[in-house]
Amino acid sequence: MPDTKPRDVQILPIATDTTVMRSRSWARLRFEIEYALAKGTTANSYLIQADKIALIDPPGETFTQIYLDALQQRIDVTAIDYVILGHVNPNRAATLKALLEIAPQITFVCSNPGAINLRGALENPDLPIMVMRGEETLDLGKGHNLQFIPTPNPRYADELCTYDPQTEILYTDKLFGAHICGDQVLDEGWEIINEDRRYYYDCLMAPHARQVETALEKLADFPARLYGTGHGPLVRYGLIELTKAYRQWSQQQTSADLTVALIYASAYGNTATLAQAIARGITKAGVAVESINCEFTEPEEIRAAVEKSAGFVMGSPTLGGHAPTPVQTALGIVLSTGTNNKLAGVFGSFGWSGEAVDLIESRLKDAGYRFGFDTIRVKFKPDDATLQLCEEAGTDFAQALKKAKKVRTQSVPATNVEQAVGRIVGSLCVLTAKQEDRASAMLASWVAQASFNPPGLTIAVAKERAVEPLTHSGNEFVLNILKEGSHIGLMKHFLKPFGPGEDRFAGVATEESTNGSPILADALAYLECKVQNRMESGDHWLVYATVEDGKVLNQDGVTAVHHRKSATHY
Ligand SMILES: Cc1cc2nc3c(=O)[nH]c(=O)nc-3n(C[C@H](O)[C@H](O)[C@H](O)COP(=O)(O)O)c2cc1C
């Protein structure tokens, strides 16, 4: 997606007295970890003009001015009665302050934890706020008698959904969204955005699937015709399928046999971002995560989650030279469970001294815990490379747990089917990809030509591969086809275990392709590819890519082929 298209606010009436205002950022997105998709996003706000006027979810500060301009062209902003907030993001404070300056009579509507956050974010303890706990309604007139459904989760403890019985719109905040930017307001032809919705779920929802299940149960009581999402297209055509998919994806998480307790606190969001990237790395390897924000969780719940988990990861910011009290309490609970056979991990964001992370690490070390990854210390806000490291550390952690479990179950010889499927051969290749700060590579032999016009191929990428985030629709990579005779060295290099964030290309001769991905100098040929789409196929993604360019580097060589004995090996 080019970064050149200017931000704007797209406005469309969507139902009786109801208008959507979508603040569109076309550029690569940085505020949540869906950076791998880089398709921009929209911050969706809604305007209900009945006898009273309500505004739902004004956007963050990068949109304050153009959003207010767009609003002022349509309504008398001084007449707004209510501003309803699906969650309170400090980043929205600038827009809310600007609205209050024009319309000081505004009453805010949010959940109870939302009210605490809002008073802090707007630095005003006397702010007029209507707190919605689930029983109350807000009558805007003309049948818009709004109902509210708190749907708290560790990431957004203050999340609140809103239902309008007049229009049968359910405003779902973070639920059912997608980080994509485009002209399409609704989700007609929704199958093509399935991948984006799934990735959004995997990154943002999977780490608190239990709370998603609770939210789905609550929301089922409200007959919705349309989901007014916080991001991306509104959900109308795919509403039944997406709701069903959310149930199914959540059930997959909550019924997984290995779980990691991810225990953290975060005052300004940096440690939470690290937690999210680590969670993504764990869940993509097929191990479930139970996220626990210790600020909002009862000690008993923390104890129960640790006891039932195969491992735990603890994260904390350093504030005033210490870990915040809820983290210290949680650490005490973890240590008192006395289960030092569980795998542990530690991470945190800090500013200058970082005592909190050191404290957690040393207390766990003293108690005899083993660590699944080297402690991650990040100064202030993480960049893309750090998030990649976190994701890979999470995957390593999950794989260590899976390995430990496998060791306990006896290894069985390959079945007839496994042996027979193993006789399928493919050319031995190395997929290399680089996007801005992120680079990765993977040995691939499950490769096949898939089309001639345009030239295209498929590659099977295991879901937990480090390179996986670089193989979504629109991403570019290079497929290096190895040469028989000189393939062993490269094969060994790319098969060896890499630490989280480790440079895959150290000591390997490469050149840069036009799409920025490395070409291996010793390859037989290379293909510059662009991912068109991908299909979920069991434990792999089947990636279909078209070949945009390519060259044979060694005219006399032949393709290295990978012969195997079993389908379970590459
Ligand atoms: C009031 C306050 C006190 C802080 N004290 C420390 C400190 O003693 N040592 C340190 O390394 N960083 C300190 N920091 C920096 C934070 O650790 C840093 O901003 C970190 O990114 C916060 O993580 P979070 O976004 O997850 O809350 C402090 C920050 C604030 C706002």
A.B. asks: Any side-chain heavy atom of I106 sitting closer than 4.5 Å to one from Y82?
C.D. replies: no

A.B. asks: Would H87 and D173 count as a side chain to side chain donor-acceptor pair (under 3.5 Å) if you check the C-alpha gap in whole Å, the side-chain angles of each, and the deciding distance to 0.1 Å?
C.D. replies: CA-CA 7 Å; H87 69 273; D173 192 54; 2.9 Å; yes

A.B. asks: Short question: side chain of K284, backbone of G286 - any donor-acceptor pair under 3.5 Å?
C.D. replies: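 Looks like no, no N/O pair under 3.5 Å.
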
A.B. asks: Within this structure, what is the CG-OG1 distance for the pair D196 and T41, rounded to the nearest 0.5 Å?
C.D. replies: 10.0 Å

A.B. asks: If I take atom CD from residue Q147 and atom CG from residue L170, how far apart are they, to the nearest 0.5 angstrom?
C.D. replies: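 So the CD of Q147 and the CG of L170 are separated by 10.0 Å.
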
A.B. asks: Taking S111 for the side chain and M132 for the main chain, is one N or O donor matched with an acceptor at less than 3.5 Å?
C.D. replies: no

A.B. asks: Do Y369 and F312 pass the ring-ring contact (aromatic ring centres under 6.0 Å, His included) test, and can you show the C-alpha distance, the side-chain angles, and the key distance before you say yes or no?
C.D. replies: CA-CA 10 Å; Y369 283 92; F312 64 89; 5.3 Å; yes

A.B. asks: Would you say K218 has more than 12 foreign heavy atoms packed within less than 6.0 Å of its NZ?
C.D. replies: yes

A.B. asks: Is any side-chain N of the basic residue among R465 and E392 closer than 4.0 Å to the acidic one's carboxylate O?
C.D. replies: no

A.B. asks: What verdict does the side chain to side chain contact (heavy atoms under 4.5 Å, CB included) test give for E195 and M535, after you've listed the backbone C-alpha separation in whole Å, the side-chain angles of each residue and the deciding distance to 0.1 Å?
C.D. replies: CA-CA 8 Å; E195 186 189 324; M535 183 176 100; over 6 Å; no

A.B. asks: Side chain to side chain donor-acceptor pair (under 3.5 Å) for K174 and H231? Distances and angles first, verdict last.
C.D. replies: CA-CA 7 Å; K174 290 277 168 187; H231 301 289; 2.9 Å; yes

A.B. asks: Would you confirm whether E464, through its side chain, and A462, through its main-chain N or O, come within 3.5 Å as a donor-acceptor pair?
C.D. replies: no

A.B. asks: Any donor-acceptor pair under 3.5 Å linking the side chain of D57 with the backbone of S45?
C.D. replies: no

A.B. asks: Could you please spell out the steps behind the side chain to side chain donor-acceptor pair (under 3.5 Å) verdict for T151 and Y156?
C.D. replies: CA-CA 9 Å; T151 53; Y156 298 101; over 6 Å; no

A.B. asks: Do P317 and Y264 come close enough that some side-chain heavy atom pair is under 4.5 Å?
C.D. replies: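 In short, these two side chains do not touch, never coming nearer than 4.5 Å.
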
A.B. asks: Do the side chains of I278 and F347 get nearer than 4.5 Å, heavy atoms only?
C.D. replies: yes

A.B. asks: Which value, rounded to the nearest 0.5 Å, describes the distance between I333 atom CD1 and E301 atom CD?
C.D. replies: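 Between I333 CD1 and E301 CD, I get 10.5 Å after rounding to 0.5 Å.
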
A.B. asks: Considering all heavy atoms of both residues, which atom of A305 and which atom of E290 are nearest to each other, and what is their separation?
C.D. replies: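 Here A305 and E290 meet closest at CB-CG, 4.1 Å.
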
A.B. asks: Give, for atom CG of L55 and atom CD1 of I84, the distance between the pair rounded to the nearest 0.5 Å.
C.D. replies: 8.5 Å

A.B. asks: So, T273 and N270: side-chain donor and acceptor under 3.5 Å apart, yes or no?
C.D. replies: no

A.B. asks: Mark yes when over 12 heavy atoms from residues, nucleotides or ligands other than D374 sit less than 6.0 Å from its CG; otherwise mark no.
C.D. replies: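 Counting neighbours around CG of D374, 12 or fewer heavy atoms of other residues, nucleotides or ligands fall under 6.0 Å, so no.
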
A.B. asks: Salt bridge (charged side-chain N to carboxylate O under 4.0 Å, His left out) for K342 and E307? Distances and angles first, verdict last.
C.D. replies: CA-CA 9 Å; K342 291 185 197 292; E307 278 171 356; over 6 Å; no

A.B. asks: Quick check: closest heavy atoms across L319 and P324, and the distance to 0.1 Å?
C.D. replies: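 Closest pair (atom of L319, atom of P324, distance): CD1-CG, 4.2 Å.
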
A.B. asks: Side-chain contact, heavy-atom cut-off 4.5 Å: T42 with S23?
C.D. replies: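 No; the side chains remain at least 4.5 Å from each other.
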
A.B. asks: Could you check whether any side-chain heavy atom of F350 comes within less than 4.5 Å of a side-chain heavy atom of V378, counting everything from C-beta outward?
C.D. replies: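 F350 does not reach V378 side chain to side chain.
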
A.B. asks: What is the minimum heavy-atom distance between S473 and K39, and which atoms define it?
C.D. replies: O-CE, 3.7 Å

A.B. asks: Nearest 0.5 angstrom please: K365 NZ to S362 OG, how far?
C.D. replies: 8.0 Å

A.B. asks: Are the side chain of N89 and the backbone of R92 linked by a donor-acceptor contact shorter than 3.5 Å?
C.D. replies: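 Here the side-chain-to-backbone pair does not exist.
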
A.B. asks: With ring centroids as reference points, do Y171 and F148 lie under 6.0 angstrom apart?
C.D. replies: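 That pair fails the under 6.0 Å test.
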
A.B. asks: Would you say the side-chain atoms of T107 pair up with the backbone N or O of P128, donor to acceptor, closer than 3.5 Å?
C.D. replies: no

A.B. asks: May I have all residue pairs that pass salt bridge (Lys or Arg N to Asp or Glu O under 4.0 Å) and include part of residues 249-274, sequence neighbours excluded?
C.D. replies: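 The answer is D257-K405.
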
A.B. asks: Considering non-hydrogen atoms only, spot the tightest contact between A209 and Y201 and give its length.
C.D. replies: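 Closest heavy-atom pair between A209 and Y201: CB-OH, 3.8 Å.
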
A.B. asks: Output the distance between atom CD (E355) and atom CD1 (I360), rounded to the nearest 0.5 Å.
C.D. replies: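 The CD atom of E355 sits 12.0 Å away from the CD1 atom of I360.
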
A.B. asks: Could you tell me if the side chain of M205 sits less than 4.5 Å from the side chain of Q211, heavy atoms only?
C.D. replies: no

A.B. asks: Would you please indicate if the ring centroids of Y246 and F176 are separated by under 6.0 Å?
C.D. replies: yes

A.B. asks: Quick one: do I129 and V109 satisfy side chain to side chain contact (heavy atoms under 4.5 Å, CB included)? Show the steps, please.
C.D. replies: CA-CA 6 Å; I129 301 178; V109 179; over 6 Å; no

A.B. asks: Should V346 and F371 be marked as a side chain to side chain contact (heavy atoms under 4.5 Å, CB included) after you check the CA-CA gap, both sets of side-chain angles, and the distance that decides it?
C.D. replies: CA-CA 8 Å; V346 183; F371 292 84; 3.7 Å; yes

A.B. asks: With side chain to side chain donor-acceptor pair (under 3.5 Å) as the criterion, how do H472 and E468 come out once you've worked through the C-alpha distance, each side chain's angles and the decisive distance to 0.1 Å?
C.D. replies: CA-CA 8 Å; H472 286 266; E468 180 277 334; 3.3 Å; yes

A.B. asks: Keeping the roles fixed (side chain from S266, backbone from A272), state whether a donor-acceptor pair exists under 3.5 Å.
C.D. replies: yes

A.B. asks: Side chains of L219 and C161: closer than 4.5 Å at any heavy-atom pair?
C.D. replies: yes

A.B. asks: So, D187 side chain and G238 main chain: donor-acceptor pair closer than 3.5 Å or not?
C.D. replies: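 Yes; at least one donor-acceptor contact below 3.5 Å.
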
A.B. asks: Please check: side-chain N/O of S537 versus main-chain N/O of H540, any donor-acceptor pairing under 3.5 Å?
C.D. replies: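 Answer holds: yes.
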
A.B. asks: Do you know the tightest heavy-atom contact between D358 and S353?
C.D. replies: OD2-O, 4.3 Å

A.B. asks: So do N44 and L234 actually touch side chain to side chain, heavy atoms under 4.5 Å?
C.D. replies: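 L234 vs N44: side chains touch.
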
A.B. asks: Looking at G311, is its backbone amide N or carbonyl O close enough to the side chain of S309 to form a donor-acceptor pair, meaning the two atoms are under 3.5 Å apart?
C.D. replies: yes

A.B. asks: Evaluate the salt bridge (charged side-chain N to carboxylate O under 4.0 Å, His left out) criterion for residues E241 and K244: first the C-alpha distance (whole Å), next the side-chain angles of each, then the deciding distance (0.1 Å), finally the verdict.
C.D. replies: CA-CA 5 Å; E241 289 81 357; K244 230 194 249 169; over 6 Å; no

A.B. asks: Between Q399 and D396, does a side chain to side chain contact (heavy atoms under 4.5 Å, CB included) hold up when you go through it step by step?
C.D. replies: CA-CA 5 Å; Q399 279 171 337; D396 278 7; 4.1 Å; yes

A.B. asks: Can a salt bridge be assigned to the pair R377 and E361 using a cut-off of 4.0 Å between side-chain N and carboxylate O?
C.D. replies: yes

A.B. asks: What closest approach, in Å, do S25 and F63 show between heavy atoms, and which atom pair accounts for it?
C.D. replies: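 Taking S25 first and F63 second, the nearest heavy atoms are N-CZ, 3.9 Å.
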
A.B. asks: Any side-chain donor paired with an acceptor under 3.5 Å for S349 and Y268?
C.D. replies: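 Distance-only check fails for S349 and Y268.
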
